[in-house]
Amino acid sequence: MRDLPDHPYTPPADPVRASQEAMRKHLPKRFYTGVAVHHGDDGRHRVLLDGRAVKTPGRADIALPGHAVAAMLAAEFSAQAETINPATMPVYRLVNTALDGVATDMAAVADDIIRYFGSDLLCYRADGPEGLVERQRNVWDPILGWLEARISARFILAEGVMHVDQPERTIAAAGAMVRAVADPLQLAGLHMMTTLTGSAIIALAVMEGAITPEAAWVAAHVDENWNIERWGEDAEATATRALKWRDMAAAAGVVAAIRGL
């Protein structure tokens, strides 16, 4: 089967310019007609393009742990029109990252997630105005409280940008939850949600089913939403945020599908 493109994708700062560049950039033509999900004798699921299994750019076999994830990937391939555009395929990009990258060093990826606990978004609170302080408290405290109850440890809160050191016991207990993730695809999804929200606490809450992806996205943008309500939206920022949400939703969907197995 023809090699599929490996285009790392970062949401553009200027969506209009990005769309113009995308039109100029050559994207490979869709070379397949049929898309199907195959349940193999090994219990793994594969996406077939005209009967041939999809592989990663690194030539790894994309053998997925459940039908739900494979169906999500198949839907992305089915949705491609005349060309194949990886920018519109967040599940495919996540799978490639998991199998070609994360699977080769799970410990390093876990360490990167765990580092977020030391400066997690939910631990740094505004010192004003009072309306923003209250909103952060109302949205963030239940999520933070969920994790603290889960690990029987407390996080230290700070006002403003002054760094505070979190207790070693807290980092270790929260980190143990991350290190317990044994599936590279689930760990890749957890990492993506962490980087997109700026919070490993929010990402863990989504992975564990404590909050919905939509609630997580609201929590990650409390400050931004507060400013939008007062000063209005910026079109470019809104477009970029929509692209990031597409990646967030895909990561959450993959993680939930694996968690449900």
Side-chain angles (χ1 to χ4, degrees), residues 10-11 13 110-178 189-253 255-256 259:
T10 301
D111 286 342
D112 195 49
I113 297 171
I114 292 168
R115 275 191 285 271
Y116 276 78
F117 291 122
S119 56
D120 199 277
L121 171 71
L122 301 196
C123 296
Y124 288 84
R125 307 298 177 91
D127 54 8
E130 182 54 37
L132 176 58
V133 172
E134 182 180 5
R135 184 175 300 187
Q136 288 179 343
R137 184 167 55 244
N138 291 340
V139 176
W140 290 352
D141 281 3
I143 303 172
L144 185 63
W146 164 81
L147 182 57
E148 289 178 332
R150 182 80 160 68
I151 64 177
S152 300
R154 298 296 299 273
F155 284 87
I156 298 173
L157 303 185
E159 288 188 355
V161 296
M162 291 296 294
H163 178 74
V164 295
D165 292 325
Q166 297 297 337
E168 291 184 7
R169 178 177 177 274
T170 300
I171 299 296
M177 292 180 65
V178 176
L190 182 64
H191 186 273
M192 178 172 285
M193 291 192 293
T194 298
T195 58
L196 287 171
T197 62
S199 171
I201 297 172
I202 289 176
L204 275 180
V206 175
M207 185 185 76
E208 294 284 308
I211 59 175
T212 65
E214 291 79 9
W217 203 240
V218 170
H221 294 87
V222 166
D223 292 13
E224 184 176 322
N225 289 341
W226 173 268
N227 288 328
I228 287 173
E229 290 168 12
R230 276 143 190 80
W231 309 110
E233 287 188 296
D234 176 87
E236 292 182 7
T238 300
T240 298
R241 179 164 156 179
L243 293 173
K244 290 181 177 180
W245 164 248
R246 183 171 60 187
D247 285 354
M248 176 72 180
V255 167
R259 181 173 174 268

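Numbering starts at 1 and runs along the sequence shown. All figures in this text were calculated on a predicted structure; none of them were measured in a lab.
- Residues L147 and F117 meet the side-chain proximity criterion, which asks for heavy atoms closer than 4.5 Å.
- Contact annotation: the side chain of I201 approaches that of I143 to within less than 4.5 Å [non-hydrogen atoms, C-beta and beyond].
- You'll find the side chain of M193 stays beyond 4.5 Å of the side chain of I202, heavy atoms only.
- With rounding to the nearest 0.5 angstrom, the OG1 atom of T194 is 6.5 Å from the CG atom of L204.
- No side-chain donor-acceptor contact under 3.5 Å links D127 to the backbone of G160.
- Considering every non-hydrogen atom in both G189 and A251, the closest pair reads O-CB, 3.8 Å.
- By the ring-ring contact (aromatic ring centres under 6.0 Å, His included) test, W245 is found to be paired with W217, residues two or more places apart in sequence or in another chain being considered.
- Rounding to the nearest 0.5 Å places CD of E214 at 9.0 Å from CE of M248.
- At a threshold of 4.5 Å between non-hydrogen side-chain atoms, the residues V133 and E130 count as touching.
- The shortest heavy-atom contact between A153 and R169 is CB-NH1, 3.3 Å.
- When atom types are taken as modelled, the side chain of W146 and the backbone of A210 share no donor-acceptor pair closer than 3.5 angstrom.
- Proximity of I171 to I114: side-chain heavy atoms (C-beta onward) are separated by under 4.5 Å at one or more points.
- Two residues are said to be in side-chain contact when any heavy atoms from C-beta on lie closer than 4.5 Å; D120 and F155 fail this criterion.
- Sorted by first and then second residue, the salt bridge (Lys or Arg N to Asp or Glu O under 4.0 Å) pairs with a member in residues 225-234 read R135-E229; sequence neighbours excluded.
- Interatomic distance, CD of E134 versus CG of D141, reported as 11.0 Å (0.5 Å rounding).
- Taking each heavy atom of A158 and V164 in turn, the nearest pair found is CB-CG1, 3.5 Å.
- Applying the side-chain hydrogen bond (donor to acceptor under 3.5 Å, both in side chains) test to pairs two or more places apart or on separate chains, those with a residue in residues 149-164 are Y124-H163, E148-R154, R150-E208, H163-D165.
- Remark: R115 engages D112 in a salt bridge, criterion side-chain N to carboxylate O under 4.0 Å.
- Without hydrogens or angle criteria, Q166 side chain to I156 main chain gives a donor-acceptor distance under 3.5 Å.
- Remark: R241 CZ to L243 CG distance equals 12.5 Å, nearest 0.5 Å.
- Between atom CG of residue L121 and atom CG of residue L144 there is a gap of 10.5 Å, rounded to the nearest 0.5 Å.
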Inset, instruction - With salt bridge (Lys or Arg N to Asp or Glu O under 4.0 Å) as the test, would you mind laying out the steps for D223 and R125 before giving the verdict? - result: CA-CA 10 Å; D223 292 13; R125 307 298 177 91; over 6 Å; no

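- Distance check, rounded to the nearest 0.5 Å: OG1 of T240 to NZ of K244 gives 7.0 Å.
- Scanning both residues, A216 and V206, for their nearest heavy atoms gives CB-CG2, 3.4 Å.
- With contacts defined as side-chain heavy-atom distances shorter than 4.5 Å, the pair C123/W140 does not qualify.
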